[in-house]
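Everything below concerns the one structure shown next.
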Amino acid sequence: MNIEQTLQNHICEALKAEFDVIEYNIALQPTKKDFEGSYTFVVFPYVKSLKKSPIEIGNAIGEYLVKNTSVVSKYNVVQGFLNLSLPDFIWTNLYNSILSDENYGQLPAKNETVMVEYSSPNTNKPLHLGHLRNNFLGFSVANILKANGYHVVKTNLVNDRGIHICKSMLAYQKFGNLETPESAGLKGDHLVGKYYVIFDKNYKVEIEELKAKGLSEEDAKKQAPLLLEAQEMLLKWENNDPETIALWQKMNEWVFAGFSQTYEKMGVSFDKIYRESNTYLLGKETVEEGLKSGVFFKKEDGSVWIDLTDEGLDQKLVLRKDGTSVYITQDMGTAELKYNDFKMSKSIYVVGNEQDYHFEVLFKIIKKMNRPYSLGNFHLSYGMVDLPSGKMKSREGTVVDADDLMQEMVDTARDRTNELGKIDGFTPTEAEELYQTLAMGALKYFLLKVDPKKRMLFNPSESIDFQGNTGPYIQFNYARISAILRKAEQLGIEISPVSEAISLHPTEQELIFTLSDYPLKVEEAGRDYSPSLIAQYVYTLARAYSQFYTEVSIFNEEDKNLQAFRVGLSKIVAGTIKHAMELLGVSVPSRM
RNA sequence: GGUCUCGUAGCUCAGCUGGAUAGAGCAACUGCCUUCUAAGCAGUAGGUCACAGGUUCGAAUCCUGUCGAGAUCACCA
């Protein structure tokens with residue numbers, strides 16, 4: 001039983017003993033910084049029924065707790081708020097238990113499998129800033145779920161076929177002159193992306209030409225020769241035309257090679273990769289089955305639909321009249337495939353909020369189909385990353401490229417570090433490693449500290465900070481602690497549990513309080529699929545340590561017990577910072 | 001137009017199932033490195049929580065409406 005529960009129970013007793021009130025739902029909150037105490041109990045709700053003043057009630061409960069329990073050392077009542085202080089032994093007990101827990105922050109195993117699908121790129125253009133948010137989120141959520149005791153399968157559903165892929169293929173065929181990533185000196189994904197842009201340029205020219213001949217914009221878009229050719233190419237692809245398939249394979253390989261470099265830089269990975277070229281035909285059987293069971297119905301033209309009007313939605317097409325699949329058909333099939341592969345109890349889709357409606361429909365269909373996996377589906381719908389000018393648009397060249405941005409971050413990290421003269425004693429390799437660590441720390445923390453549901457703003461003209469509420473700030477505190485631990489080891493200071501009474505500095509008490517909160521945060525972050533909770537937490541912890549660090553001296557402390565305690569406290573703070581940062585996918589340097 | 005999300009300091013963001021004088025960081029200004037890493041610490045200044053009603057002992061938080069921003073409503077994915 002943790003402290004909070006113990007306190008709640010005692011307050012329960014106090015209410016019963018003093019006022020004959022039976023109340024099981026005791027809400028405690030952390031005491032605000034301006035007041036003395038650790039936990040606060042609000043007595044306002046009882047004022048009316050007891051016909052006593054808040055002060056009276058607060059005093060009575062406070063008095064009872066101090067007299068009849070050992071867990072409250074002091075109390076004060078301000079207005080209707082009863083602030084409780086805990087005796088030092090409570091804090092040192094907490095310290096001891098955290099110190100002895102090798103895997104602090106890892107929750108008990110649940111014997112349950114969760115799938116996290118994220119990244120899911122198109123193979124016609126390189127990754128951009130939006131993908132960075134997606135990938136960091138997905139990877140972090142997977143880590144958080146692991147810490148919550150789940151068995152986690154990370155998947156990536158790669159969109160490697162379709163008309164948009166044919167567009168870059170066609171442009172390459174027409175204008176590529178057999179260029180290769182090697183000959184062009186470009187990463188494969190960037191090379192293919194280049195041709196996607198070339199397609200669009202030429203397509204637009206054709207549209208203008210057609211419009212000049214008197215066609216409407218709409219007709220021009222549909223009749224432009226390049227588009228018609230691309231559609232033709234898609235048909236060839238679907239008919240396994242050898243030449244088309246060969247080109248497709250070649251270009252896809254380039255893209256995959258490029259992506260895997262980018263993924264490696266990002267520090268993300270997958271357990272299973274699904275390709276749409278393998279799954280796009282799935283789902284038709286599901287539709288057949290649904291037709292038989294009456295979940296779907298067929299219209300006169302032969303197209304198949306589901307009626308979701310009873311759910312507050314519309315009718316939705318699930319199979320075209322020519323019998324071909326649409327997006328949602330594929331997703332139904334893929335869901336079936338994934339479940340057969342892994343039998344997971346939960347399936348998280350990390351996909352932008354522009355697809356809210358799609359997933360609402362998909363999950364409702366799965367429910368109506370009464371699938372065994374119909375309950376655990378969750379769309380982790382994250383907000384777009386906007387630029388000051390608004391949404392990123394590839395056509396207008398306002399896309400922030402993932403590779404470029406990561407490289408810029410490394411350059412910034414190098415400049416900052418050198419300005420500060422912080423790499424004395426580093427080999428060139430170690431220095432480069434540090435720049436990487438800091439760069440990715442700054443970038444990931446920047447993107448993950450914001451609530452995933454909210455859209456966020458990124459200003460490319462201002463580089464991401466390395467000071468204040470940032471990744472490097474937290475990394476800095478870790479590095480500082482590492483230095484302390486190295487010195488403590490040299491001095492032969494041994495860390496052991498606190499056995500005799502010591503009196504704690506406020507910053508020490510605050511640190512233990514914050515540390516003890518960590519497992520709850522891990523649980524909460526897992527429940528809400530929200531890395532931002534971990535990011536905020538680890539910042540709070542680092543800040544609390546920074547205060548401790550400046551206010552309390554370790555190696556000048558004469559009391560050896562106190563000194564060992566402070567080293568031990570530093571150690572568990574470092575351990576928790578490292579654990580939390582790992583949940584975010586951020587590594588921490590031992591020197592910086 | 002229908003549905004959904006959002007509107008908190010100059011800027012970027014916190015604010016849990018309603019609770020104290022609304023919190024951080026950046027930017028601005030003031031102090032603090034002969035003492036464990038100053039990518040730091042302490043402090044000052046900055047807010048009618050879009051607006052108007054309502055519920056409540058109590059509302060940034062819940063409800064209704066207004067204004068503003070965005071997403072979505074494809075036989076695209």
Side-chain angles (χ1 to χ4, degrees), chain A residues 25 27 29-35 40 42-45 47-48 54 78-81 83 120 122 159 161-165 276 280 299 301 303-305 312-314 316-322 324-331 352-358 360 381 383-384 386 388 390-391 413 416-417 419-420 422 438 442 446 449-451 453-459 462 464-477 479-488 491 524 528 532-533 535-536 539-540 543 546-547 549-557 566-567 570 591-592:
Chain A
N25 194 11
Q29 47 187 304
T31 303
K32 287 213 164 198
K33 288 284 169 292
D34 312 338
F35 303 93
T40 294
V42 183
V43 301
F44 282 117
V47 169
K48 217 175 189 178
V78 182
Q79 297 174 46
F81 299 89
N83 303 318
S120 307
N122 292 340
N159 186 321
R161 63 160 287 279
I163 187 75
H164 49 296
I165 310 293
E276 239 174 64
Y280 84 106
K299 287 199 176 174
D301 65 359
S303 58
V304 181
W305 296 70
L313 303 177
D314 268 329
K316 180 85 185 171
L317 177 105
V318 293
L319 206 62
R320 294 193 186 99
K321 63 184 172 198
D322 61 6
T324 55
S325 303
V326 290
Y327 180 35
I328 202 137
T329 329
Q330 294 176 33
D331 268 4
N353 63 11
E354 55 202 351
Q355 296 197 33
D356 284 354
Y357 183 69
H358 171 75
E360 200 181 349
S381 160
M384 298 291 104
D386 287 326
K391 203 178 170 179
R416 293 283 153 81
T417 307
E419 272 167 35
L420 293 169
K422 287 258 189 179
L438 296 178
F446 178 84
K449 76 171 176 187
V450 180
D451 182 344
K453 292 192 288 295
K454 294 197 176 176
R455 68 177 221 253
M456 63 182 295
L457 195 110
F458 174 79
N459 190 341
E462 299 169 9
I464 293 172
D465 278 317
F466 280 60
Q467 287 169 3
N469 187 354
T470 66
Y473 170 87
I474 298 158
Q475 291 170 318
F476 169 70
N477 276 285
R480 248 178 176 178
I481 299 176
S482 301
I484 285 177
L485 296 179
R486 281 192 296 268
K487 185 165 177 182
L491 295 174
E524 204 181 342
D528 296 352
S532 72
L533 297 177
Q536 281 155 31
Y539 172 65
T540 311
R543 207 159 50 111
S546 217
Q547 283 169 10
Y549 182 90
T550 44
E551 288 186 36
V552 176
S553 173
I554 294 175
F555 297 113
N556 292 331
E557 176 57 50
R566 285 176 186 162
V567 173
S570 300
R591 290 188 297 158
M592 68 182 275

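Chain letters run A, B, ... following the sequence lines, proteins first and then strands; every chain starts at 1. Because the structure is a prediction, the values reported are computed rather than measured. Note that these values count all heavy atoms, side chains included, but never hydrogens, waters or copies made by symmetry.
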For atom [atom1], what is the distance between [N] and [M], given to the nearest Å?
| N | M | atom1 | answer |
| --- | --- | --- | --- |
| U8(B) | A60(B) | C1' | 7 Å |
| G15(B) | U30(B) | C1' | 29 Å |
| A38(B) | U34(B) | C1' | 15 Å |
| G65(B) | A22(B) | P | 30 Å |
| G43(B) | A52(B) | C1' | 39 Å |
| G7(B) | C16(B) | P | 12 Å |
| C62(B) | C49(B) | P | 16 Å |
| U55(B) | U61(B) | C1' | 13 Å |

Per the O4'-C1'-N9-C4 / O4'-C1'-N1-C2 angle with a 90° window around 0, C33(B) comes out syn
Does a nitrogen or oxygen in the side chain of [X] sit under 4.0 Å from OP1 or OP2 of [N]?
| X | N | result |
| --- | --- | --- |
| Ser553(A) | C36(B) | no |
| Tyr549(A) | C33(B) | no |
| Gln547(A) | A42(B) | yes |
| Lys422(A) | A39(B) | yes |

Quick one: look up who [N] pairs with, Watson-Crick or G-U, both distances under 3.5 Å, and put none if it's unpaired.
| N | answer |
| --- | --- |
| A38(B) | none |
| G70(B) | C4(B) |
| G58(B) | none |
| C13(B) | G23(B) |
| A52(B) | U64(B) |
| A28(B) | U44(B) |

Do the ring planes of His358(A) and Tyr327(A) sit parallel (below 30°), tilted (30 to 60°) or perpendicular (above 60°)?
-> parallel
Looking at every strand, decide which applies to [X] at a 4.0 Å heavy-atom threshold: base, sugar-phosphate, or nothing.
| X | answer |
| --- | --- |
| Pro54(A) | nothing |
| Val43(A) | nothing |
| Val47(A) | nothing |
| Asn83(A) | base |
| Tyr473(A) | sugar-phosphate |
| Lys454(A) | sugar-phosphate |
| Leu457(A) | sugar-phosphate |

Only counting residues at least two apart or in another chain, list the ones meeting side-chain hydrogen bond (donor to acceptor under 3.5 Å, both in side chains) with Glu557(A).
-> Arg566(A)
In whole angstrom, what separates [X]'s [atom1] from [N]'s [atom2]?
| X | N | atom1 | atom2 | value |
| --- | --- | --- | --- | --- |
| Glu462(A) | G10(B) | CD | P | 16 Å |
| Phe476(A) | C33(B) | CZ | P | 17 Å |
| Glu360(A) | G2(B) | CD | P | 18 Å |
| Arg480(A) | U35(B) | CZ | P | 14 Å |
| Leu533(A) | U17(B) | CG | P | 11 Å |
| Arg455(A) | C4(B) | CZ | C1' | 14 Å |
| Asn459(A) | C11(B) | CG | C1' | 9 Å |
| Phe446(A) | U12(B) | CZ | C1' | 7 Å |

Is the base of [N] stacked against the aromatic ring of [X], taking ring centres under 5.5 Å apart and planes under 30° as the test?
| X | N | result |
| --- | --- | --- |
| Phe81(A) | A20(B) | yes |
| Phe44(A) | G19(B) | yes |
| Tyr539(A) | A24(B) | no |

Closest non-hydrogen atom pair, Ser381(A) against Asn353(A) | OG-CB, 3.0 Å
Any donor-acceptor pair under 3.5 Å from [X] side chain to [Y] backbone:
| X | Y | answer |
| --- | --- | --- |
| Asp465(A) | Gln467(A) | no |
| Arg320(A) | Ser325(A) | yes |
| Ser303(A) | Lys299(A) | no |
| Thr470(A) | Ala442(A) | no |

Presence of donor-acceptor pair under 3.5 Å, side chain of [X] and base of [N]:
| X | N | value |
| --- | --- | --- |
| Lys32(A) | U21(B) | no |
| Thr417(A) | A39(B) | yes |
| Asp465(A) | A27(B) | no |
| Thr40(A) | A20(B) | yes |

Decide, yes or no, whether a salt bridge links Arg455(A) with Asp386(A) under the criterion of side-chain N to carboxylate O below 4.0 Å.
-> yes
What about Phe81(A) and Phe44(A), are their ring centers closer than 6.0 Å?
-> yes
Scan nucleotides 71-77 of chain B nucleotide by nucleotide, 5' to 3', and note B when protein non-hydrogen atoms come under 4.0 Å of the base, S if they reach only the sugar-phosphate, - if neither.
-> SS--BSB
Taking the side chain as every heavy atom from C-beta outward, state whether Pro388(A) and Phe458(A) have any atom pair closer than 4.5 Å.
-> no
Out of U37(B), A39(B), A14(B), which has the shortest distance to the side chain of Arg591(A)?
-> U37(B)
Between C36(B), A20(B), G40(B), which nucleotide has the shortest distance from any of its atoms to the side chain of Ile554(A)?
-> C36(B)
Contacts of Phe35(A) and Leu438(A) projected onto RNA chain B by closest heavy atom; the upstream (5') one is Phe35(A)
Donor on one side chain, acceptor on other, Ser532(A) and Asp451(A), under 3.5 Å = no
Is the number of heavy atoms from other residues, nucleotides or ligands under 6.0 Å of Lys321(A) NZ greater than 12?
-> no
